[in-house]
Protein chains: 2
Amino acid sequence: EKSIVSGIAYSRDEAKITLVGVMDQPGVAAGIFGPLADGNINVDMIVQNISSKDNTTDMTFTVASDDLAGAVKILENNKSALRYSDLISDGDVVKISIIGVGMRSNAGIAQHMFHALAEHGINIQVISTSEIKVSVLIAEDYTELALRALHTAYGLDAD
Amino acid sequence: EKSIVSGIAYSRDEAKITLVGVMDQPGVAAGIFGPLADGNINVDMIVQNISSKDNTTDMTFTVASDDLAGAVKILENNKSALRYSDLISDGDVVKISIIGVGMRSNAGIAQHMFHALAEHGINIQVISTSEIKVSVLIAEDYTELALRALHTAYGLDAD
Ligand SMILES: C[C@@H](O)[C@H](N)C(=O)O
Ligand SMILES: C[C@@H](O)[C@H](N)C(=O)O
């Protein structure tokens with residue numbers, strides 16, 4: 001399994017925004033990203049889970065650190081239309097990704113990554129995956145520790 | 001913007017599981033995927049958002065439809081260790097992805113996708129993105145309608 005992880009990528013230039021308590025009904029997601037697109041805000045990750053309790057869910061996305069203030073402003077200007085209950089913005093995150101091929105058996109690779117971070121007490125704030133990547137957001141202060149832990153876990157050259 | 005979307009992919013062979021109310025603390029994610037990996041369950045998407053209200057969040061992931069029952073069984077066998085408050089399983093989803101290149105300006109591409117679905121009253125249950133893909137989970141019954149709507153929205157040949 002270790003052989004199919006080809007590398008670790010990371011980006012400190014990420015800031016996350018969460019719109020808390022958006023309605024889980026058609027048109028809500030489009031309504032959020034329309035104004036951001038109009039404002040030329042580039043969005044990297046978008047993560048939204050199901051509405052598991054009431055009919056609301058949270059929408060989290062990341063932007064470049066320099067775009068955080070502008071993105072927050074756009075959303076706040078649209079608050080009455082968007083009807084979120086809270087906005088959480090956080091520039092203090094790093095996105096770390098495990099990159100691999102043939103990650104169909106993601107469960108093992110993902111568990112390996114999550115375990116390596118947990119062993120060092122690093123909390124995983126957001127998870128998003130694709131066939132070639134398992135990406136997490138963690139607190140930026142843990143960047144170096146996390147990268148060392150992951151390089152060791154996957155047997156990749158540290159530095 | 002339309003020119004950078006190269007295609008639409010979809011998979012009906014997806015079933016989703018959500019562990020509701022898992023603790024947002026180190027070790028929880030590893031604890032969930034360990035037993036699944038041991039049970040040889042292949043996991044495709046993993047989506048986890050921040051814990052926005054109390055110190056809990058939800059963990060959603062997808063497996064092949066044939067693996068749904070087995071994955072649920074494994075998690076239920078581990079319930080006391082995993083301490084989730086609820087397990088929601090749903091075989092009735094389709095994963096649809098917009099594939100592109102240079103999707104740095106995701107906001108516009110994502111908004112275009114979300115709007116096309118919204119116009120047809122299709123609710124987006126889960127969103128997860130990477131640099132080359134915007135993926136959503138919607139109810140499987142909407143597969144054909146969604147694919148037609150997206151092909152039209154992106155000017156791709158329908159069928
Ligand atoms: C929450 C948001 O994704 C909503 N379900 C929509 O379809 O737009
Ligand atoms: C929820 C889960 O991701 C937890 N934060 C962990 O680090 O394992």
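Throughout, protein chains are lettered first and strands after them, A, B, ... in sequence-line order, and every chain is numbered starting at 1.
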Top contributor to chain A interface from B/Ala30, B/Ala118, B/Gly31 [non-hydrogen pairs under 4.5 Å]: B/Ala30
Determine whether B/Leu137 and B/Tyr10 fall in the same hydrophobic cluster, where Ile, Leu, Val, Met, Phe, Trp and Tyr are linked whenever their side-chain heavy atoms lie under 4.5 Å apart. no
Under 4.5 Å from any heavy atom of chain A, what part of B/Leu117 do you find: side chain, backbone, both or neither? neither
Atom pair NZ (A/Lys53) and NZ (B/Lys53), whose distance is rounded to the nearest 0.5 Å: 7.5 Å
What closest approach, in Å, do A/Asp24 and B/Asn123 show between heavy atoms, and which atom pair accounts for it? OD1-ND2, 3.0 Å
Would you say the side chain of A/Gln111 lies within less than 4.5 Å of the side chain of B/Asp38, judging by non-hydrogen atoms? no
Part of B/Ser128 within contact of chain A (heavy atom distance under 4.5 Å): both
A/Val94 reachable from A/Tyr154 in the ILVMFWY side-chain graph, under 4.5 Å edges: yes
Sole candidate of B/Asp58, B/Val20, B/Ile127 that passes side-chain contact (heavy atoms from CB on, under 4.5 Å) when paired with A/Asn49: B/Asp58
ILVMFWY cluster, B/Val5 and A/Val43 together (side-chain gap under 4.5 Å): yes
Quick one: pull up CD in B/Glu131 and OG in A/Ser130 and give me the separation to the nearest 0.5 Å. 8.0 Å
Tell me whether B/Val126 is reachable from B/Ile124 by hopping between hydrophobic residues (I, L, V, M, F, W, Y) whose side-chain heavy atoms are closer than 4.5 Å. no
Run the side chain to side chain contact (heavy atoms under 4.5 Å, CB included) check on B/Gln125 and A/Thr57 step by step: do they pass? CA-CA 9 Å; B/Gln125 302 179 13; A/Thr57 186; over 6 Å; no
Minimum heavy-atom distance between B/Ile41 and A/Ala107, given as atom pair plus value: O-CB, 3.3 Å
Using a cut-off of under 4.5 Å for heavy-atom pairs, which of A/Ile32, A/Leu36, A/Thr60 has the most such pairs with chain B? A/Thr60
Do B/Val134 and B/Ile138 belong to the same hydrophobic cluster, where Ile, Leu, Val, Met, Phe, Trp and Tyr are linked whenever their side-chain heavy atoms lie under 4.5 Å apart, directly or via other members? yes
Straight-line distance of B/Thr129 OG1 to A/Ile46 CD1, nearest 0.5 Å: 5.0 Å
Nearest 0.5 Å, what's the CZ-CD distance between A/Phe114 and B/Gln48? 8.0 Å
What part of B/Met59 lies closer than 4.5 angstrom to a heavy atom of chain A: side chain, backbone, both or neither? both
If you count every heavy atom of other residues, nucleotides or ligands that lies below 6.0 Å from A/Arg83 atom CZ, does the total exceed 12? no
Which one, B/Gly34, B/Ser135, B/Gly21, B/Ala116, leads in non-hydrogen pairs under 4.5 Å with chain A? B/Gly34
From B/Ile132 CD1 over to A/Ile132 CD1, what is the distance, rounded to the nearest 0.5 angstrom? 5.0 Å
